> 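I'd like to ask you about the structure that follows.
Residue numbering restarts at 1 for every chain, and letters A, B, ... go by the order of the sequence lines. For clarity, every value in this text was computed on a predicted model and none was experimentally measured.
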Protein chains: 2
Amino acid sequence: MSNDVHNSRRRRSTEQPTLKQVADAAGVSAITASRALNRPDQVNERTRARVLEAVERLGYVPNLVAGSLASARSRFIAVIVPSLANSVFIEVIQGLQETFEAQGYQILLGNTEYDLEREYQLIRTFLGWSCSALVTAGLRHNEACRTLLANCDKPIMEVMELGEALDLNVGLDHTEAGRCMARHLLERGHRQALFIGARLAGDYRAGMRYAGHREVFEQAGLAAPLLELERGGLDAGATGLERALAEHPGIGAIHFANDDLATGALLHAQRLGLEVPQKIAIAGFNGLPLGQHVTPRLTTIRSPRQAMGELAAMEVIRRLEGQRVLRRQHDVGFELLVGNST
Amino acid sequence: MSNDVHNSRRRRSTEQPTLKQVADAAGVSAITASRALNRPDQVNERTRARVLEAVERLGYVPNLVAGSLASARSRFIAVIVPSLANSVFIEVIQGLQETFEAQGYQILLGNTEYDLEREYQLIRTFLGWSCSALVTAGLRHNEACRTLLANCDKPIMEVMELGEALDLNVGLDHTEAGRCMARHLLERGHRQALFIGARLAGDYRAGMRYAGHREVFEQAGLAAPLLELERGGLDAGATGLERALAEHPGIGAIHFANDDLATGALLHAQRLGLEVPQKIAIAGFNGLPLGQHVTPRLTTIRSPRQAMGELAAMEVIRRLEGQRVLRRQHDVGFELLVGNST
DNA sequence: CGCTAACATGATAGCGCTAACATAGCGAAT
DNA sequence: ATTCGCTATGTTAGCGCTATCATGTTAGCG
């Protein structure tokens, strides 16, 4: 029953100095030291200097976990994408990351692998980290996700596409992009066009582009056949071309779901000695540098992916800082790049 | 002085249910509920079922921040790379991410933008999050970083290159890769080869490859000129080719620091009607799919980047789980891909 | 000279969870 | 019957920080 009882329970986690030790070294209270670091304008300039000196001398590293628990704010931003293998998401992440990092937010990156159940688990985990906001690629979520997101009272930003969003939304209209390219193909005189995509169940935005493409062709009284591949990438593009030639003999143009497929096909056409666009026209989507460097230059649609990430991050930050959000939805648009492949 | 004093201090952060509420609902103590979720084998099966039912019913989401503070462990892994724009790092991150995520670790991604001071700040922040381990791309750090890392008593994994590591190290020998390609060029009969890289101060691993290249050429009594560009990418490769032709008239081969540059040059050579490899031989580094799909196929060196990430993650996990680490250093090697461009 | 406002600092009490130790129950071994 | 060891659960006391309220101190005013 002596007063050293609670010494026996000691369990300092590390030997790192704590804020209390810094405060003692600077001759102030812990809360003043805390303010000196986090709200510099609330402490006297000379006090702050003493605290900073103590921080430096002791090699103090703030325990952000403790700070987050106490304040119930974490400066974490959850970012959830379906894949890291696709450079499209990487560019959006880059835009998000730069902007958030500059404002002192840390991204928590989650990869669903196109699995909505995994998305739910990731969101749970990220909410457990008291993230300040969530950014997801796309508008499709399962019921559980939707409930979780609707009840969590944090800014939710859905990027990539436009539509019925939960909260904030920055993206572009993929159906319209599909229409745009289809119209271009029609203008170029292609009456027989094939749309080729890969794993469209996952890449449903490509599916939306096909829907737009189909709409335009059918309104013109033309067929809009679809060919779905098992995989993406340059290789798959070559395969797609082979299959198109075999399965759709009369075809004059191929509208690929993305530039990787399209460029793979274009390079393969060269190897086969098939003239592009005379024998076969090829179009892509994304506006990757790759497609702009091959000969003939690829006709494609460029979307401002990095800018989309930046804008999304800025809107989230605006919301977090309590500023009024003017518009919940932003259309970042797209641009048709007419090359020599159509 | 009544006993409602501490009611006035209430500050529940959110309306989320807490573990205590789950425990009450299940008729057990908080610690039992905690164990039911985190150490299932330590509680009776029926008790656990009751707890899980309560979790489900209340929609409980564990507060990981509180858990980390209490246990001083966070399951965060800091991953620090110099850039996200370079697909090489993305692939390593992919390997790391998959492996860590599968074991329940969450990656904290930091981007130094090739700035060692930023690296120091990032490491401080990540240590503040009580990360379990740190993974950095590369062995170069400033003094402050080195001190911080040396004293933090967590597994440190340095990836990409091999050398004098702080702790664990998974990578490949870039100097040897440079030698390997140089020997290949010599075997092909190229006596006049130019090395072209971009921003070599940041991309010092490319500098190491140049050192290897130069060593081989100089030992053969030949010159090993260097041309440094301001930027990378396919465009820059084209620029590099132009400059090489103008500034080094006799040159017969160009050893590019990476495939982006090399492919950019190769495609540009086609536009110029310059035969590859007859008029000019072109070699790259990385083994990107891109270079393998152009005609002529690019001679390059492939490194197992995703596998490097996976192996690095596995070694870190092994260490974290207290298993004996057999080797602190792993050479993942590389592979010369001989195409038709040399 | 008192009164107020603005500024600077401090004491206290948590944030929600888990480590460490404590206890209870039960079958097996002594 | 006592002891031991094992499993299942509970009690207590923090982890390191910040929100909240309280207090002291100085300047400004009529």
> Run the side chain to side chain contact (heavy atoms under 4.5 Å, CB included) test against B:Ser132 and tell me which residues pass, sequence neighbours left out.
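Residues passing side chain to side chain contact (heavy atoms under 4.5 Å, CB included) with B:Ser132: B:Ser74, B:Ile77, B:Tyr105, B:Leu320.
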> In whole Å, what is the span from the CD atom of A:Gln21 to the P atom of D:dC15?
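Checked: the CD to P distance equals 11 Å.
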> Have a look at A:Thr47 and say if it touches a base, only the backbone sugar-phosphate, or nothing, with a 4.0 Å heavy-atom cut-off.
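Sugar-phosphate, backbone atoms only, no base.
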> Taking the minimum atom-to-atom distance to the side chain of B:Leu69, which one of D:dT9, C:dC17, D:dC15 wins?
D:dC15
> Mind checking B:Arg73 for me? I need base, sugar-phosphate or nothing, with any heavy atom below 4.0 Å counting as a touch.
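Sugar-phosphate contact only.
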> Ignoring hydrogens and angles, write down the donor-acceptor pairs under 3.5 Å from the side chains of residues 37-46 of chain B, residues two or more places apart or on other chains.
unit_1: B:Asn38; atom_1: ND2; unit_2: B:Ser34; atom_2: O; d: 3.3
unit_1: B:Asn44; atom_1: OD1; unit_2: B:Arg46; atom_2: N; d: 2.8

> Applying a 3.5 angstrom cut-off to the pairing atoms, does DNA chain D sit in any stems of at least three consecutive Watson-Crick or G-U pairs? List them by first number.
C:1-30 with D:1-30
> Among C:dG16, D:dC17, C:dT9, which is the nearest nucleotide to the side chain of B:Thr18?
C:dG16
> Can you tell me how far P of D:dG16 sits from CG of A:Leu64, to the nearest Å?
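Distance, rounded to whole Å: 13 Å.
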> Rounding to an integer number of Å, can you tell me how far A:Asn44 CG sits from C:dA8 C1'?
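Computing the A:Asn44:CG to C:dA8:C1' distance gives 7 Å.
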> Output all residues satisfying salt bridge (Lys or Arg N to Asp or Glu O under 4.0 Å) with B:Asp115, sequence neighbours left out; order by chain, then residue number.
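Checked B:Asp115 against salt bridge (Lys or Arg N to Asp or Glu O under 4.0 Å); zero matches.
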> Run through A:Arg146, A:Arg328, A:Lys154 and flag the one making a salt bridge (Lys or Arg N to Asp or Glu O under 4.0 Å) with A:Asp167.
A:Arg328
> Looking at B:Leu108, is its backbone amide N or carbonyl O close enough to the side chain of A:Gln106 to form a donor-acceptor pair, meaning the two atoms are under 3.5 Å apart?
no
> Between C:dT18, D:dC17, C:dC17, which nucleotide has the shortest distance from any of its atoms to the side chain of A:Ala70?
D:dC17
> CD of B:Gln42 versus C1' of C:dA19: gap in Å, rounded?
12 Å
> What residues form a side chain to side chain contact (heavy atoms under 4.5 Å, CB included) with A:Glu56, not counting sequence neighbours?
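In terms of side chain to side chain contact (heavy atoms under 4.5 Å, CB included), with neighbours along the sequence ignored, A:Glu56 is linked to no residue.
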> What parts of residues 23-38 of chain A reach DNA chain C, counting only heavy atoms under 4.0 Å away?
A:Val28, A:Ser29, A:Ile31, A:Thr32, A:Arg35
> Quick one: side chain to side chain contact (heavy atoms under 4.5 Å, CB included) partners of A:Asn111, sequence neighbours excluded?
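A:Leu84, A:Glu113, B:Gln97.
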> Whole angstroms only, please: what is the CZ-P distance between B:Arg48 and D:dT9?
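The distance from CZ of B:Arg48 to P of D:dT9 comes to 10 Å, rounded to the nearest Å.
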> Just the rounded figure in Å: distance from C1' of C:dA8 to CD of A:Glu45.
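These atoms are roughly 14 Å apart.
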> Counting only side-chain nitrogens and oxygens, does B:Tyr60 get under 4.0 Å of the OP1 or OP2 atom of C:dC17?
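Yes, within the criterion.
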> Do B:Thr112 and B:Ile80 have side chains that approach each other closer than 4.5 Å (heavy atoms only, starting at C-beta)?
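Yes - at least one pair of side-chain heavy atoms lies under 4.5 Å apart.
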> Are OP1 or OP2 of C:dT18 and a side-chain N or O of B:Arg39 less than 4.0 angstrom apart?
no
> Whole-Å distance between C:dA8 C1' and A:Arg50 CZ?
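That distance rounds to 12 Å.
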> What pairs with B:Arg318 under salt bridge (Lys or Arg N to Asp or Glu O under 4.0 Å), at least two apart in sequence or on another chain?
B:Glu315
> If the condition is ring-ring contact (aromatic ring centres under 6.0 Å, His included), which residues does B:Phe126 pass it with, not counting sequence neighbours?
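Expected list: none.
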> Could you check how far CG of A:Leu19 sits from P of C:dC15, rounded to whole Å?
20 Å
